[in-house]
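Below is one structure; the comments refer to it alone.
Keep in mind that this is a model prediction, so the values were computed, not measured. So you know, we letter chains A, B, ... as the sequences are listed, proteins then strands, and number each from 1.
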Amino acid sequence: MKINELTIKSFHAGLMKKDFSAFEAVREFLNTIKEKDSDIKAFLSVLADRVLAQANEVDIDIARGDDIGMLAGIPLAIKDNILINGEQATAGSRLLENYTASYDATVISKLKKEKAVFLGKTNLDEFAMGSSTENSGFFPTRNPYDLERVPGGSSGGSAAAVAGGMALGALGSDTGGSIRQPAGFCGVVGLKPTYGAVSRYGLIALASSLDQIGPFAKTVEDAEILFNAIHGKDSMDATTVESESETSNLKLENCLVGLPKEYFAGGLDRETEKRISEAIQELKNLGVRFKEISLPHTKYALSVYYIILPAEASSNLARFDGVRYSRIADLRRPNAELRGKRKSALDDIYFNQRGAGFGLETKRRILLGTFVLSHGYYDAYYAKAQKVRRLIKEDFDRAFDSSGEGVDLIFAPTSPTLPFRIGEKANDPLSMYLSDIFTIPVNLAGLPGISIPTRNYAEQNSGTSAELRGSLRESASLPVGFQLIGKPFHESDLFEIGKAYESATRH
Amino acid sequence: MPLINEKTLEYLGQLARIDLSGMDEEKMLADLQSILSYFEELKEVNTENIEPMAGGTIRKNIFREDDFDSGLRESAPGRRSSAPVEAFPEKEGGFLKVPQIFG
């Protein structure tokens with residue numbers, strides 16, 4: 001088996017048996033990136049020299065007979081809005097093209113302590129705003145399953161890197177689905193942890209009441225290994241808490257899973273619907289019981305999200321003023337022609353740098369956020385959205401309520417559609433926003449959610465699928481993910497049931 | 001429903017410190033308008049006596065030593081005080097260089 005087809009667990013075993021060295025493994029990954037990434041374009045930067053030196057250190061530890069952990073030497077890809085000391089961190093924005101991080105994000109220090117190695121920084125929609133990675137200020141990333149299609153977003157680069165065999169695992173950030181949706185589109189596992197489970201220190205903030213960092217991996221078990229390495233209380237992020245439980249008490253045979261009727265009320269495309277029902281059937285075969293539940297405020301989640309997110313983003317992105325962090329060099333002088341229009345030369349710099357540095361979607365959301373927070377509209381939009389947000393959260397509380405007929409987990413599709421074509425939704429922001437309809441409520445309620453690829457039966461019987469007409473064959477070969485949503489800080493429940501599904505459906 | 005017109009857009013650009021010239025303003029107005037129309041559905045939700053939810057944070061006070069840099073020491077051992085200076089886009093002779101704003 002090729003090294004880049006291994007999982008974290010089998011890589012570790014290979015390393016211990018000396019089947020290959022960490023250095024050789026990293027070199028193979030760098031070769032794969034060289035070979036494939038000119039098409040896929042998952043990486044914004046590749047840290048070739050640094051990563052080989054890191055791998056070398058792991059080999060020295062092994063040669064010395066030191067005990068090495070599960071993540072030692074594991075080649076990872078990191079979304080470019082997470083800071084690695086001394087490396088670029090653009091957040092996908094032209095405005096930060098020349099910014100070099102001056103410290104490690106907490107998740108990075110934790111992974112460095114485990115001796116994981118970092119292959120590179122991955123592409124994203126600018127400041128993590130988008131569902132296709134087309135809003136990157138640099139270039140779009142392509143789906144490794146079909147280069148004409150998007151990998152999802154905003155963490156599309158991280159998802160594509162893992163799916164394309166260019167990293168064993170990756171980190172992304174999820175504000176409204178930015179880990180789970182691209183994981184679903186690229187056929188990998190993606191976890192959005194509970195709000196407060198993972199420190200955001202060193203993550204370039206988008207919407208602070210929603211953002212979480214989480215892992216991408218090939219298997220649920222690998223996602224669990226990465227989550228266990230990065231979670232925990234951090235004094236640098238006051239929202240973090242010690243997680244309650246590390247191991248799950250949930251057993252397949254007594255697991256009750258809720259199916260929210262609002263998520264299945266039409267709106268799924270045919271192939272997605274088929275694969276989602278097959279996944280439900282697989283879980284039933286394993287002894288999992290399902291029960292229909294209602295989350296009545298689901299339909300308002302999109303509106304609530306697109307008020308709260310732009311409001312918080314417009315405030316968080318105010319720090320990018322073109323004076324600190326990074327600036328567009330040829331715009332650093334005040335423009336004499338505009339002097340009459342602006343109050344000061346300083347204002348002139350802000351307007352020019354932000355005007356030229358931010359992309360269209362970023363501007364759209366900053367303007368929208370500024371509007372919903374502005375005098376006279378605050379109560380009608382922002383305050384109203386915060387109230388409905390509570391109602392959405394209370395829907396989940398009721399569904400999980402263990403004093404009654406509460407469920408242990410909730411099952412949902414990850415996305416209503418298959419990965420769409422590049423450019424298909426680029427000019428219609430609302431239809432783009434709708435691709436996160438099943439992931440957004442989870443962020444609003446602060447819950448953990450994992451996207452797991454459904455088993456692809458059509459692919460396994462490729463003999464028959466070759467007979468099918470072109471379009472059918474095409475859609476049948478694209479990945480579809482399903483989502484498991486858990487109680488706060490019950491990530492272990494997601495892993496438990498996810499691993500059971502995986503071992504029953506993978507060979 | 002509030003209508004966003006060109007004047008509102010101009011004002012929002014001023015508040016957000018973004019130069020809007022060179023942008024397709026008509027398309028931006030139409031997009032913002034259709035997004036705001038979508039939000040109209042929130043009016044039908046009864047939110048009387050509902051407390052706004054400001055975030056997912058567990059609302060419990062978190063304390064630390066009242067000491068200038070204990071927070072930094074605890075979890076960011078690698079952080080150097082010179083780091084913000086190093087990260088600054090332009091420097092000269094140990095000074096931070098900022099664009100000319102007078103004259």
To check you understand the geometry: which heavy-atom pair defines the closest contact between [X] and [Y], and what is its length?
X        : Y        : answer
A:Ser303 : B:Tyr38  : OG-CD2, 3.3 Å
A:Tyr306 : B:Phe39  : O-CZ, 3.2 Å
A:Arg364 : B:Asp31  : NH1-OD2, 2.8 Å
B:Glu44  : A:Tyr300 : OE2-OH, 2.6 Å

Check each atom of [X] against the heavy atoms of chain B and say whether the ones under 4.5 Å are side chain, backbone, both or neither.
X        : value
A:Lys233 : side chain
A:Lys393 : side chain
A:Tyr99  : side chain
A:Leu430 : side chain

Inter-residue atom distance [X].[atom1] - [Y].[atom2], 0.5 Å rounding:
X        : Y        : atom1 : atom2 : answer
B:Met53  : A:Leu444 : CE    : CG    : 7.5 Å
A:Arg354 : B:Leu20  : CZ    : CG    : 11.0 Å
B:Ile35  : A:Arg365 : CD1   : CZ    : 8.5 Å
B:Glu51  : A:Arg389 : CD    : CZ    : 13.0 Å
B:Glu41  : A:Lys299 : CD    : NZ    : 5.5 Å

Among the options [options], pick out the one with the most heavy-atom pairs lying under 4.5 Å from chain B.
options                               : answer
A:Ser314, A:Pro429, A:Gly196          : A:Pro429
A:Leu391, A:Asn98, A:Ile307, A:Val388 : A:Ile307
A:Leu346, A:Leu367, A:Thr100          : A:Leu367

Proximal component of B:Asn46, with respect to chain A [non-hydrogen, under 4.5 Å]: backbone

Check whether any side-chain heavy atom of [X] lies under 4.5 Å from a side-chain heavy atom of [Y], and answer yes or no.
X        : Y        : answer
B:Leu36  : A:Leu368 : yes
B:Ile4   : A:Phe371 : yes
A:Leu360 : B:Met28  : yes

Name of the residue among A:Ile366, A:Leu317, A:Thr370 meeting side chain to side chain contact (heavy atoms under 4.5 Å, CB included) with B:Ile18: A:Ile366

Partner of B:Asp19 under side chain to side chain contact (heavy atoms under 4.5 Å, CB included), chosen from A:Phe351, A:Phe358, A:Tyr350: A:Phe351

Option that, when pairs with chain A are counted at under 4.5 Å, heavy atom only, ranks first among B:Ala54, B:Gly22, B:Gly13: B:Ala54

Other residues, nucleotides, ligands: >12 heavy atoms within 6.0 Å of B:Glu6 CD: no

Atom NZ of A:Lys113 with >12 non-hydrogen neighbours under 6.0 angstrom: no

A:Lys384 side chain to B:Val45 backbone, donor-acceptor under 3.5 Å: yes

Expected output: side-chain A:Arg390 to main-chain B:Thr47 donor-acceptor under 3.5 Å: no

